[in-house]
Amino acid sequence: IPHAEFERNMVSWLTEKYGMAYGKQMWENTLLNLRELDLLNNDLHEYDFLNLFLVIFDITCEKYSKIANTLYESPRILII
């Protein structure tokens, strides 16, 4: 299988499974690096983290809403 066809197939599968923005970022390896965040001292980092958290929550809700809601309500969910 040629690389271009493989890439098209992977991007198509990832976007179908995780949505356009998240799937494309997974393929391009451009997702937010959680290890580089300073959540205690940087409001922008906290905003970016919460945005990513909500995207992951939305993706999880599509197939596993009960699990997603249980995790979302857990006080431990925002501990890195």
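If you read the sequence from its start, that first residue is 1, and numbering goes on from there. Everything numeric in this text was worked out from a predicted model, so none of it was measured.
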J.: How many angstroms lie between atom NE2 of H3 and atom CE of M10, to the nearest 0.5 angstrom?
T.: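 Reported value, rounded in 0.5 Å steps: 11.0 Å.
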
J.: According to side-chain hydrogen bond (donor to acceptor under 3.5 Å, both in side chains), does anything in residues 7-22 pair up with another residue at least two apart or in another chain? List the pairs.
T.: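 Applying side-chain hydrogen bond (donor to acceptor under 3.5 Å, both in side chains) to every pair that reaches into residues 7-22, excluding sequence neighbours, yields E7-W27.
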
J.: Between side-chain atoms of residues 42-49 and protein atoms elsewhere (two or more places apart, or another chain), which donor-acceptor pairs fall under 3.5 Å?
T.:
{"residue": "N42", "atom": "OD1", "partner": "L44", "partner atom": "N", "Å": "2.9"}
{"residue": "N42", "atom": "OD1", "partner": "H45", "partner atom": "N", "Å": "3.1"}
{"residue": "H45", "atom": "ND1", "partner": "D38", "partner atom": "N", "Å": "2.8"}

J.: Under 4.5 Å between side-chain heavy atoms, hopping through other hydrophobics if needed: is there a path connecting L52 to L40?
T.: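 Not linked; separate clusters.
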
J.: Under a 4.5 Å side-chain heavy-atom rule over Ile, Leu, Val, Met, Phe, Trp and Tyr, are F57 and M20 clustered together?
T.: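 No, no single cluster joins them.
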
J.: The criterion is side-chain contact (heavy atoms from CB on, under 4.5 Å); which residues satisfy it with T60, sequence neighbours excluded?
T.: I56, Y64, A68

J.: Would T70 and I67 satisfy side chain to side chain contact (heavy atoms under 4.5 Å, CB included), going step by step from the backbone distance to the final call?
T.: CA-CA 5 Å; T70 301; I67 293 172; 5.7 Å; no

J.: Tell me every residue that passes side-chain contact (heavy atoms from CB on, under 4.5 Å) with T30, counting only those two or more places apart in sequence or in another chain.
T.: Q25, E28

J.: Could I get the full list of side-chain hydrogen bond (donor to acceptor under 3.5 Å, both in side chains) partners for N33, not counting sequence neighbours?
T.: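 Only E36 meet the side-chain hydrogen bond (donor to acceptor under 3.5 Å, both in side chains) criterion with N33.
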
J.: Give the C-alpha distance, both sets of side-chain angles, the deciding distance and a yes or no for side chain to side chain contact (heavy atoms under 4.5 Å, CB included) between M26 and L31.
T.: CA-CA 6 Å; M26 285 179 71; L31 289 171; 3.6 Å; yes

